[in-house]
Novice: 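Once you've had a glance at the structure underneath, I'll fire off some questions.
These values consider heavy atoms only, across backbone and side chains, with no hydrogens, waters or symmetry-generated copies. Position 1 is the first residue of the sequence, and the numbers go up from there.
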Amino acid sequence: MGEPSPTETRQLADDARARVRFEEEALELADQVYQVARRLVGSREEAEDLMQDTYARAFRSWRSYQPGTNLRAWLLRILTNLNIDKARARQRRPQTEPLEEGDYFLYNRLAGSGGDQQPEEEERVLARLSQDGVVGALSELPHDFRDVVVLVDIGGFAYAEAAQILDIPVGTVMSRLHRGRRILKRQLAEEASDDPS
C-alpha cells in the first residue's frame with residue numbers, strides 16, 4: 001500500500017471539512033431538537049436519551065443528508081422515527097378514548113358540578129392547569145397523536161412539513177392533530193375540574 005494520491009488526499013480533506021460543517025450545523029439545532037424530544041416523552045432523562053440517539057444516528061448517516069435542504073426537519077424526522085421505534089418495541093398500545101364529549105368539556109363538567117360558575121371559579125381552574133400538567137397530559141397521549149401535536153402546535157411546523165417528517169399523508173396529520181387535541185383537551189379538563197381534596 002502506497003501513499004494516497006493528491007486527488008485522494010484532497011477528497012479526504014473535503015470529506016472531513018464537509019463532516020465538520022454538517023456536525024456544527026446539526027449541533028446549532030440541539031436546543032430545538034431537545035424541545036421537541038422533551039414534548040414527545042415523559043421525562044427529561046428520556047428526552048436526553050432520545051436526543052443522544054438522534055444525534056448518534058445523524059452523525060453516522062451524515063452522508064445521506066442533502067446539503068441545502070431543511071436540516072431541522074431531517075433531524076426531527078430521525079427523532080420521531082426513533083421515538084416511534086421505541087414505542088413499538090415497548091408494545092405500547094394506543095389508549096382508546098371516546099370522543100363524543102363536546103369541545104366545551106371543561107365548561108360542561110363545571111356546569112354539571114355546580115351550575116353557574118363565578119369568574120373566581122374559572123380563575124381557580126385555569127390556575128390548576130400548570131405547565132407540568134400540560135406536559136404530563138401530553139406524555140400520556142398515544143404516540144401517533146402526540147408526535148403530530150408536538151410538531152404542529154409546539155414545534156410550529158406546517159401540516160406539510162409535519163407530514164414529511166413523520167412520512168405520512170397531510171390528511172393523516174390533520175386527522176391525528178384534531179383527535180390528539182381533543183384527547184388532550186379532555187385530559188386537561190378532567191384534571192382542572194377535579195376537586196383538590
Side-chain angles (χ1 to χ4, degrees), residues 18-97 99 103 131-188:
R19 181 172 184 144
V20 167
R21 189 170 37 254
F22 167 81
E23 289 177 0
E24 288 173 348
E25 290 175 10
L27 289 173
E28 287 175 6
L29 298 169
D31 288 342
Q32 295 175 38
V33 172
Y34 176 76
Q35 292 302 319
V36 173
R38 183 66 181 101
R39 301 299 186 242
L40 289 176
V41 296
S43 70
R44 290 177 193 254
E45 293 80 19
E46 287 177 298
E48 290 168 0
D49 288 345
L50 184 58
M51 185 176 159
Q52 184 176 14
D53 292 345
T54 298
Y55 273 92
R57 182 171 289 178
F59 289 163
R60 277 194 314 268
S61 307
W62 74 277
R63 289 181 191 271
S64 66
Y65 170 70
Q66 298 296 318
T69 60
N70 189 340
L71 179 58
R72 179 177 174 233
W74 187 79
L75 288 170
L76 292 178
R77 183 170 187 173
I78 292 172
L79 178 98
T80 54
N81 286 342
L82 285 170
N83 188 50
I84 290 168
D85 291 347
K86 287 182 180 195
R88 287 181 181 154
R90 289 189 303 263
Q91 296 181 352
R92 190 169 133 199
R93 297 179 188 262
Q95 301 170 0
T96 54
E97 300 280 337
L99 296 174
D103 287 337
Q131 185 173 356
D132 289 339
V134 173
V135 171
L138 207 86
S139 68
E140 291 185 22
L141 275 178
H143 75 84
D144 287 343
F145 300 132
R146 181 176 58 233
D147 293 347
V148 174
V149 169
V150 166
L151 289 173
V152 174
D153 289 343
I154 296 171
F157 284 96
Y159 294 165
E161 292 173 317
Q164 179 186 9
I165 291 168
L166 296 170
D167 197 26
I168 58 175
V170 173
T172 304
V173 168
M174 294 166 62
S175 171
R176 288 180 183 176
L177 183 62
H178 175 73
R179 292 184 65 200
R181 284 174 176 165
R182 290 192 65 186
I183 293 169
L184 187 61
K185 188 183 299 186
R186 181 169 183 232
Q187 289 173 338
L188 291 172

Novice: Could you list the residues that satisfy side-chain hydrogen bond (donor to acceptor under 3.5 Å, both in side chains) with Glu23, not counting sequence neighbours?
Specialist: Arg19
Novice: How long is the gap from CG on Leu141 to CZ on Arg179, to the nearest 0.5 Å?
Specialist: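 Between Leu141 CG and Arg179 CZ, I get 11.0 Å after rounding to 0.5 Å.
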Novice: Closest heavy-atom contact between Val148 and Asp144?
Specialist: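 Answer, listing the atom of Val148 first, then Asp144: CG2-O, 3.6 Å.
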Novice: What residue pairs, at least two apart or across chains, pass salt bridge (Lys or Arg N to Asp or Glu O under 4.0 Å) with a residue in residues 47-59?
Specialist: Asp53-Lys86
Novice: What distance separates Glu45 CD from Leu50 CG, expressed to the nearest 0.5 Å?
Specialist: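 If we round to the nearest 0.5 Å, Glu45:CD and Leu50:CG are 13.0 Å apart.
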Novice: Quick one, Leu71 and Tyr65 - any side-chain contact, counting heavy atoms below 4.5 Å?
Specialist: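 The answer is yes; the side chains approach within 4.5 Å.
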Novice: Please name the pair of heavy atoms, one in Ala47 and one in Tyr34, separated by the smallest distance, quoted to 0.1 Å.
Specialist: CB-CE1, 3.8 Å
Novice: Any heavy-atom pair between the side chains of Leu82 and Ile78 that's under 4.5 Å?
Specialist: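 Yes, at least one pair of side-chain atoms sits under 4.5 Å.
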Novice: Please name all residues satisfying salt bridge (charged side-chain N to carboxylate O under 4.0 Å, His left out) with Arg63, sequence neighbours left out, ordered by chain then number.
Specialist: Asp15
Novice: Which residues pass the side-chain hydrogen bond (donor to acceptor under 3.5 Å, both in side chains) test with Arg38, not counting sequence neighbours?
Specialist: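 Applying side-chain hydrogen bond (donor to acceptor under 3.5 Å, both in side chains) to Arg38 gives none.
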Novice: Once rounded to the nearest 0.5 Å, what's the spacing between atom OG1 of Thr80 and atom NE2 of His143?
Specialist: 11.0 Å
Novice: Could you work out, with side-chain hydrogen bond (donor to acceptor under 3.5 Å, both in side chains) as the rule, every residue matching Glu25, not counting sequence neighbours?
Specialist: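 Partners of Glu25 by the side-chain hydrogen bond (donor to acceptor under 3.5 Å, both in side chains) criterion come out as none, since no residue qualifies.
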Novice: Please list, chain by chain and in numerical order, all residues satisfying side-chain contact (heavy atoms from CB on, under 4.5 Å) with Gln32, sequence neighbours excluded.
Specialist: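 By the side-chain contact (heavy atoms from CB on, under 4.5 Å) rule, Gln32 matches Leu29, Arg72.
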Novice: Looking at side-chain heavy atoms only, is the closest gap between Trp62 and Arg21 below 4.5 Å?
Specialist: no
Novice: Give every donor-acceptor pair under 3.5 Å between a side-chain atom in residues 157-171 and any protein atom, sequence neighbours left out.
Specialist:
| unit_1 | atom_1 | unit_2 | atom_2 | d |
| --- | --- | --- | --- | --- |
| Glu161 | OE1 | Ala158 | N | 2.8 |
| Asp167 | OD1 | Arg77 | NH2 | 3.2 |
| Asp167 | OD2 | Arg77 | NH2 | 3.2 |

Novice: Identify the two heavy atoms, one from Leu75 and one from Ala58, that lie closest to each other, and give their separation to 0.1 Å.
Specialist: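 Of all heavy-atom pairs spanning Leu75 and Ala58, the closest is CD2-CB, 3.6 Å.
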Novice: Among Asp147, Thr54, Leu151, which residue satisfies the side chain to side chain contact (heavy atoms under 4.5 Å, CB included) criterion with Leu79?
Specialist: Thr54
Novice: Mind checking ring pair (Phe, Tyr, Trp, His ring centres under 6.0 Å) for Phe59 and listing every partner two or more places apart, or none if nothing turns up?
Specialist: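 With neighbours one apart ignored, the set is Tyr55.
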Novice: Check side-chain hydrogen bond (donor to acceptor under 3.5 Å, both in side chains) between Asp153 and all other residues, then give those that pass, not counting sequence neighbours.
Specialist: Arg181
Novice: Give every residue pair that meets the side-chain hydrogen bond (donor to acceptor under 3.5 Å, both in side chains) criterion with at least one member in residues 168-177, sequence neighbours excluded.
Specialist: none
